[in-house]
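For reference, the structure discussed in these notes is given below.
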Amino acid sequence: MVPLEGFPARFRSGFVVLWGRPNVGKSTLLNALVGEKTAIVSPKPQTTRNRIVGIVEKPEAQIVLVDTPGIHRPRHQLGNYLVAEAKRCLKEADLILFVVDGSVPPGEEDRLAAGALSEVVPDRSVPVFLVINKKDRLTEGTRAQRKEGYRALIPVQEIVFVSALYGDGLEDLVSSIVPSLPEGPPYYPPGTVMDQPEKFLISERIREAVVHFTREEVPHAVAVLVDDLDQTKEDLVSIRATIYVEKESQKGIIIGEGGRMLKQIGTLARQDLENWFGKKVFLKLWVKVAPNWRKDPMALVRLGYKVRKG
């Protein structure tokens with residue numbers, strides 16, 4: 001923790017975990033609250049694979065937001081890792097935001113997420129807010145239906161409607177969060193926006209470009225490792241990275257005819273990285289096959305996933 005000197009006497013800080021099924025807008029909400037891109041966003045489920053931290057600073061509080069992989073029924077070792085990683089985050093939570101998609105009624109995966117939350121935090125010692133996203137798609141009548149439908153899944157302290165995409169309701173959400181945090185010094189120095197290593201953030205931006213251009217099973221079978229990062233030149237960042245897939249057919253899709261798909265992926269990723277670094281980026285990508293890496297615990301570790309026992 002950062003010493004409290006220089007902060008208000010009753011300063012508050014705490015970890016706020018974003019929880020819910022895949023594809024409800026948790027990463028979009030995280031980015032909107034932080035005001036900067038900290039997590040990759042895609043309409044494809046299970047895009048978030050790691051614990052992503054973004055920090056919101058207020059004069060009276062520091063909100064440490066923790067984005068989690070969506071809760072689902074795992075079909076392979078990677079899926080087991082995603083769900084276990086999400087549940088692990090709950091153990092450090094001071095507040096939980098149960099995020100749902102208000103444009104649709106509760107479904108099986110919402111009930112699964114609510115059940116998992118009750119299982120991990122059974123004594124209600126940690127407050128839970130229901131955050132109903134996509135309020136821009138709701139009429140007044142539908143809002144009431146969604147409120148009742150999702151509130152029936154789990155006991156919650158507060159219900160907040162937001163539109164993460166358009167920023168509506170975010171100030172109300174933050175105003176509700178702050179009083180629920182414990183008093184104490186900030187966890188991160190002022191000005192900190194995220195806590196992920198630079199190579200991880202680069203690999204996620206490259207993976208986002210792959211997800212953008214690919215369909216069906218291919219996005220889920222992709223992992224990215226940054227092999228080399230050179231920032232010694234003042235006006236240029238050089239990055240060499242490898243895109244891993246599980247099958248030769250997937251490798252062919254990502255490379256594309258005459259290398260066209262890989263060029264598109266590289267161009268989109270490079271533009272995103274240049275915006276982030278604020279300077280020119282040289283990006284060199286390779287595509288390699290790591291057979292069935294999502295089912296192999298050792299391969300998961302090699303590809304940067306912190307698989308733990310227990």
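Quantities reported herein were computed from a predicted structural model and do not represent experimental measurements.
Taking 4.5 Å as the limit, some side-chain heavy atom of Ile154 sits within range of a side-chain heavy atom of Ser118. Ser180 has its side chain within reach of Phe129: a pair of non-hydrogen atoms, C-beta onward, lies under 4.5 Å apart. Taking the side chain as every heavy atom from C-beta outward, Ile177 and Leu95 approach each other to under 4.5 Å. In this structure, Leu285 and Val224 have side chains that are not in contact, with every pair of non-hydrogen atoms separated by 4.5 Å or more. Residues His212 and Gln264 form no side-chain contact, since every pair of their non-hydrogen atoms from C-beta on lies 4.5 Å or further apart. At a threshold of 4.5 Å between non-hydrogen side-chain atoms, the residues Ile132 and Val160 do not count as touching. In this structure, Leu29 and Asn133 have side chains that are not in contact, with every pair of non-hydrogen atoms separated by 4.5 Å or more. Under the 4.5 Å side-chain criterion, counting only non-hydrogen atoms from C-beta, Pro182 is not in contact with Arg12.
Residues satisfying the salt bridge (Lys or Arg N to Asp or Glu O under 4.0 Å) criterion with Glu257, sequence neighbours excluded, are Arg260. Scored by the salt bridge (Lys or Arg N to Asp or Glu O under 4.0 Å) test, Glu140 finds Arg143 as partners (sequence neighbours excluded). Taking the side-chain contact (heavy atoms from CB on, under 4.5 Å) definition, one finds that Ser249 meets it with Lys247, sequence neighbours left out. Among residues two or more places apart in sequence or in another chain, the side-chain contact (heavy atoms from CB on, under 4.5 Å) test is passed with Glu248 by Lys251, Val289. Shown here are the side chain to side chain donor-acceptor pair (under 3.5 Å) partners of Glu60, two or more places apart in sequence or in another chain: there are none. Scored by the side-chain contact (heavy atoms from CB on, under 4.5 Å) test, Glu198 finds Ile202, Leu229, Gln231, Trp276, Phe277 as partners (sequence neighbours excluded). For Lys263, the side-chain contact (heavy atoms from CB on, under 4.5 Å) test picks out Thr267, with sequence neighbours left out. Evaluation of the side chain to side chain donor-acceptor pair (under 3.5 Å) rule for Lys134 yields Asp101 as partners, not counting sequence neighbours. Not a single side chain to side chain donor-acceptor pair (under 3.5 Å) links Asn275 to another residue, sequence neighbours left out.
The structure places OG of Ser163 at 8.0 Å from CG of Leu170, a figure rounded to the nearest 0.5 Å. Rounding to the nearest 0.5 angstrom, the gap separating the CG atom in Leu112 from the CG atom in Leu117 is 11.5 Å. A distance of 12.5 Å separates CG in Leu130 from CD1 in Ile96, rounded to the nearest 0.5 Å. Between Lys147 atom NZ and Thr142 atom OG1 the span is 14.5 Å, to the nearest 0.5 Å. How far CG of Leu30 is from NZ of Lys26: 11.0 Å, rounded to the nearest 0.5 Å. Here the straight-line distance linking atom CD1 of Ile243 with atom CD of Gln250 works out to 12.5 Å at 0.5 Å rounding.
Residue Lys279 qualifies as enclosed at atom NZ: its count of foreign heavy atoms under 6.0 Å is above 12.
Between Asp94 and Gly14, the closest heavy-atom pair is OD2-CA, 3.2 Å. The two atoms that bring Ser175 and Pro179 nearest to each other are O-CD, 3.0 Å, heavy atoms only. Residues Ala164 and Ala32 approach most closely at O-CB, 3.6 Å, considering heavy atoms. The two atoms that bring Ile55 and Gln62 nearest to each other are CG2-CG, 3.6 Å, heavy atoms only. Shown here for Leu273 and Arg205, the closest heavy-atom pair between the two residues is CD2-CD, 3.7 Å. Contact record, Pro189 with Glu57: O-OE2, 3.8 Å, taken as the closest heavy-atom pair.
Applying the salt bridge (Lys or Arg N to Asp or Glu O under 4.0 Å) test to every pair with at least one member in residues 219-240, sequence neighbours left out, gives no pairs at all. Residue pairs meeting the salt bridge (Lys or Arg N to Asp or Glu O under 4.0 Å) criterion with at least one member in residues 162-178, sequence neighbours excluded, are Lys135-Asp168.
The closest donor-acceptor contact from the side chain of Asp272 to the backbone of Ala269 lies at 3.5 Å or more, if one exists at all.
Clustering ILVMFWY residues whenever any of their side-chain heavy atoms sit less than 4.5 angstrom apart, transitively, puts Val287 in a cluster other than the one holding Phe282.
Here Leu165 sits in one hydrophobic cluster together with Tyr166; the rule is ILVMFWY side chains under 4.5 Å apart, joined directly or through other members.
For Phe98 and Tyr150, the ring centers are positioned 6.0 Å apart or more.
Judged by the 6.0 Å and 45° rule, Lys284 forms a cation-pi pair with Trp286.
Across Val16, Val178, Val34, a single residue satisfies side chain to side chain contact (heavy atoms under 4.5 Å, CB included) together with Val56, and that is Val34.
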